[in-house]
Structures are given as C-alpha cells and as structure tokens.
Protein chains: 2
Amino acid sequence: MSRPYVCGLDAAVDMIGGKWKVLLLWAMHDQPRRFGELRRLLPGISEKVLTQHLREMAADQIVRREAFDETVPRVEYSLSEFGLSLHEALRPLGAWGTQHMDRIAEVRAPA
Amino acid sequence: MSRPYVCGLDAAVDMIGGKWKVLLLWAMHDQPRRFGELRRLLPGISEKVLTQHLREMAADQIVRREAFDETVPRVEYSLSEFGLSLHEALRPLGAWGTQHMDRIAEVRAPA
DNA sequence: CGGCATCCGATATGATACTG
DNA sequence: CAGTATCATATCGGATGCCG
C-alpha cells in the first residue's frame with residue numbers, strides 16, 4: 001500500500017492482500033498445518049508464493065511458525081490469537097460471499 | 001483470480017481486491033458521490049484507476065452509475081443494495097482494523 | 001467535468017531447478 | 001520435507017495528454 005491508513009478497513013484489508021491469504025487463514029483456522037499440507041490444500045499455489053505469504057503472515061503476527069528438529073524436517077503453521085481474531089472478523093464477509101456466490105460467479109465468471 | 005472459488009470468503013475478497021475499493025465503498029456508503037468528489041476523497045488515486053475501479057464495481061453490480069445529461073457533465077455513483085450489503089459484511093473487519101490499528105502499523109510501518 | 005488512450009515502471013505471481 | 005535461487009510473466013498502478 002505505502003500510504004497512511006484512512007480507516008481501520010484498509011488497514012485490515014492490507015493484512016489479507018495476498019492472493020491466497022484468506023485461503024491460508026481458512027486452512028489453518030481449526031488446526032495446525034504443515035507446509036506440504038498447505039500446498040496440497042491450495043491447488044495451484046507455487047512453493048515460492050506459499051513461502052512468501054507464510055513469512056509475511058508470520059511477520060504480521062497472524063501465524064505462528066514452529067520448526068521441529070527431527071530426522072525428517074517438519075514445520076507447522078498455525079493461527080495466533082491475533083490471526084484467529086482476524087479470522088473471526090472475516091466470518092461475516094465469508095458468509096456474504098457464500099450467500100451471494102452465484103451472483104458473484106455470474107458477474108465475474110471465474111474458471 | 002482466474003480460479004474457481006474455494007469458499008465464499010475468497011469470492012468476497014475478489015470483489016474488494018483493488019487497491020482503493022474498500023475506500024470507495026466507504027466513501028459512497030452514506031451518499032451518492034460525483035467523480036471529482038471521489039477523487040478528492042481519495043488523495044493519491046489517479047483518474048485512470050478511479051475510472052477502472054468504478055467500472056469494475058459497476059460491472060460487479062456493487063455501485064450504480066447515473067449520468068445526467070446536462071450542460072455541465074455530471075455523473076453520480078452510489079452503492080446498490082448489493083454494495084450496501086457488502087459494506088455491512090465488511091463492518092466487523094473495519095472494526096477489527098480500527099481496534100488493532102496500532103499493532104498493524106507496528107508490524108507494517110506504512111508511510 | 002468526466003472521462004479515455006498510451007506508455008512506463010513497480011509489484012505480484014508463477015515455473016523450474018536445486019539444496020540441507 | 002521444507003524450503004531457496006533464478007528467471008520469466010502478468011497484473012497493477014501512475015503520469016501524461018487529449019476529447020466531448
């Protein structure tokens with residue numbers, strides 16, 4: 001954005017600006033997820049972008065990253081309290097999207 | 001996006017993806033606004049982007065465009081019922097942003 | 001006043017190959 | 001498995017000038 005926030009709304013939107021962030025939020029909202037797991041849950045996302053988004057969201061304190069030093073590398077990502085509260089704030093928007101999905105698909109006609 | 005919606009949330013986010021769309025939503029939520037008025041309300045936006053966003057939002061049936069054929073050109077933009085319902089769905093997110101503005105500014109440090 | 005056309009740079013996203 | 005590095009592309013946003 002690179003501009004002072006005019007209201008809380010664009011500050012909030014700034015946190016979910018990435019192409020896949022709300023989906024990541026959704027994927028992690030009820031359980032921790034591993035890197036490869038998230039990749040499978042978001043078909044089409046590249047490893048690079050997944051890494052970038054997770055790093056940004058961690059920097060934003062929305063997600064927690066926990067690395068386990070075992071024989072097989074394992075990293076788990078989960079929502080922080082802050083991230084959970086963001087997810088809660090997004091629920092009405094999600095409900096709105098679900099409710100009007102048909103209409104949205106009509107005007108947008110995504111693949 | 002060019003990808004089928006996985007849940008209502010990313011469908012909704014798809015509608016507010018533009019850099020200034022939530023601000024436009026906010027600017028119009030309580031009264032119709034003229035083109036030049038919106039430009040003044042969103043310092044920094046270019047005419048081109050303003051035009052593009054308004055056209056997209058009109059195509060998305062979020063805003064209504066009304067052109068008056070008078071001696072002086074006049075066009076008014078206002079939220080449709082659909083746009084108003086979207087604005088309502090965004091309120092918790094706006095409240096979240098307002099509530100955590102300090103923290104967001106901390107991790108993001110915008111201009 | 002309310003646009004549209006064009007060009008340009010910045011940023012976001014993606015494909016592929018390689019590594020600890 | 002969980003990344004990193006590099007290269008390429010796409011989309012977004014901005015500046016400028018012109019028009020009814």
Side-chain angles (χ1 to χ4, degrees), chain A residues 1-6 10 13-24 27-28 32-60 63-78 108-111, chain B residues 1-6 10 13-24 27-28 32-60 63-78 108-111:
Chain A
M1 288 280 198
S2 77
R3 130 179 82 91
Y5 295 127
V6 179
D10 62 330
V13 169
D14 204 15
M15 306 290 272
I16 54 171
K19 185 175 178 180
W20 309 85
K21 284 191 181 171
V22 296
L23 294 181
L24 283 171
M28 290 184 286
R33 299 287 191 181
R34 299 184 55 177
F35 186 89
E37 201 173 2
L38 290 171
R39 193 172 34 175
R40 278 187 299 278
L41 286 171
L42 277 61
I45 193 173
S46 67
E47 294 180 356
K48 178 183 127 184
V49 173
L50 178 53
T51 301
Q52 281 178 351
H53 281 184
L54 286 172
R55 287 216 184 293
E56 285 177 25
M57 292 167 85
D60 289 343
V63 309
R64 229 185 321 259
R65 189 197 128 114
E66 190 172 7
F68 300 87
D69 198 9
E70 306 171 352
T71 54
V72 300
R74 184 158 71 99
V75 181
E76 278 192 356
Y77 296 90
S78 56
R108 283 302 180 88
Chain B
M1 286 280 197
S2 76
R3 129 178 83 88
Y5 296 128
V6 179
D10 62 330
V13 168
D14 204 14
M15 307 290 273
I16 55 171
K19 185 174 178 181
W20 308 85
K21 285 193 180 172
V22 298
L23 294 180
L24 284 171
M28 290 184 285
R33 298 288 192 181
R34 298 186 54 179
F35 186 90
E37 201 173 1
L38 290 171
R39 194 170 36 174
R40 277 187 300 277
L41 286 170
L42 277 62
I45 193 172
S46 67
E47 294 180 357
K48 178 185 125 180
V49 174
L50 179 53
T51 301
Q52 282 177 351
H53 281 185
L54 286 173
R55 287 219 181 291
E56 285 177 22
M57 293 167 83
D60 289 345
V63 309
R64 228 184 322 257
R65 189 195 129 112
E66 191 170 6
F68 301 87
D69 198 10
E70 306 171 352
T71 55
V72 300
R74 183 159 72 99
V75 181
E76 278 191 356
Y77 296 90
S78 57
R108 283 303 179 86

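The analysis underlying the following values was restricted to heavy atoms, covering all of them including side chains, and did not include hydrogens, waters or symmetry mates. Letters go in sequence order (proteins before strands), and every chain restarts at 1.
Summarising the geometry, the separation between CG on B:Asp69 and C1' on C:dG2 is reported as 13 Å, rounded to the nearest angstrom. Atom CD in B:Gln52 sits roughly 8 Å away from atom C1' in D:dC12 (whole-Å rounding). Distance, B:Leu50 CG to C:dC4 C1': 13 Å, rounded to whole Å. When rounded to the nearest whole Å, the span between CD of A:Glu76 and C1' of D:dC1 equals 13 Å. Rounded to whole angstrom, the span from the CZ atom of B:Phe35 across to the C1' atom of C:dG2 amounts to 6 Å. Distance A:Glu66 CD to D:dA2 P: 13 Å, rounded to the nearest Å. B:Lys19 has its NZ atom 10 Å from the P atom of C:dT11, to the nearest Å. To the nearest angstrom, P of C:dA12 lies 15 Å from CD1 of A:Ile45.
A:Ser78 has its side chain out of reach of A:Met28: every pair of non-hydrogen atoms, C-beta onward, lies at least 4.5 Å apart. Counting only heavy atoms from C-beta outward, the side chains of B:Trp20 and B:Leu50 never approach each other to under 4.5 Å.
Contacts of B:Phe68 with the nucleic acid, taken as non-hydrogen atoms under 4.0 Å apart, are absent. Looking at heavy-atom distances under 4.0 Å, A:Val75 makes contact with sugar-phosphate atoms alone, never a base. If you check every strand for non-hydrogen atoms under 4.0 Å, B:Arg39 touches nothing.
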As a quick check of understanding, evaluate side-chain contact (heavy atoms from CB on, under 4.5 Å) for A:Lys19 and A:Val49, giving each step before the final call. CA-CA 9 Å; A:Lys19 185 175 178 180; A:Val49 173; over 6 Å; no

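Relative to the side chain of A:Glu47, the nucleotides C:dT13, D:dT4, C:dG3 differ in distance, and D:dT4 lies closest. Of the candidate nucleotides D:dG3, D:dA2, C:dG3, C:dG3 has the atom lying nearest to any side-chain atom of B:Thr51. Comparing D:dA2, C:dC4, C:dG2 against the side chain of B:Arg55 picks out C:dC4 as the nearest. The nucleotide whose nearest atom lies closest to any side-chain atom of A:Pro73 is, among C:dG3, D:dA2, C:dC1, D:dA2. In this structure, of D:dA2, C:dG2, C:dA15, it is C:dA15 that holds the atom nearest to the side chain of A:Ser46. Comparing C:dT13, D:dG3, D:dG13 by their nearest atom to the side chain of B:His53 picks out D:dG13.
A cation-pi contact links B:Arg74 to B:Phe68, judged by a cut-off of 6.0 Å to the six-membered ring centre and 45° from its axis.
Side-chain nitrogen and oxygen atoms of A:Arg33 include none within less than 4.0 Å of the OP1 or OP2 phosphate oxygen of D:dC1. One finds no side-chain N or O of A:Arg34 lying less than 4.0 angstrom from the OP1 or OP2 phosphate oxygen of D:dG3.
Of the charged side-chain nitrogens involved, none lies within less than 4.0 Å of a carboxylate oxygen, so that B:Glu76 and B:Arg33 do not count as a salt-bridged pair.
DNA chain D is contacted by both B:Glu56 and A:Gly36; A:Gly36 maps to the nucleotide lying nearer its 5′ end (nearest heavy atom per residue).
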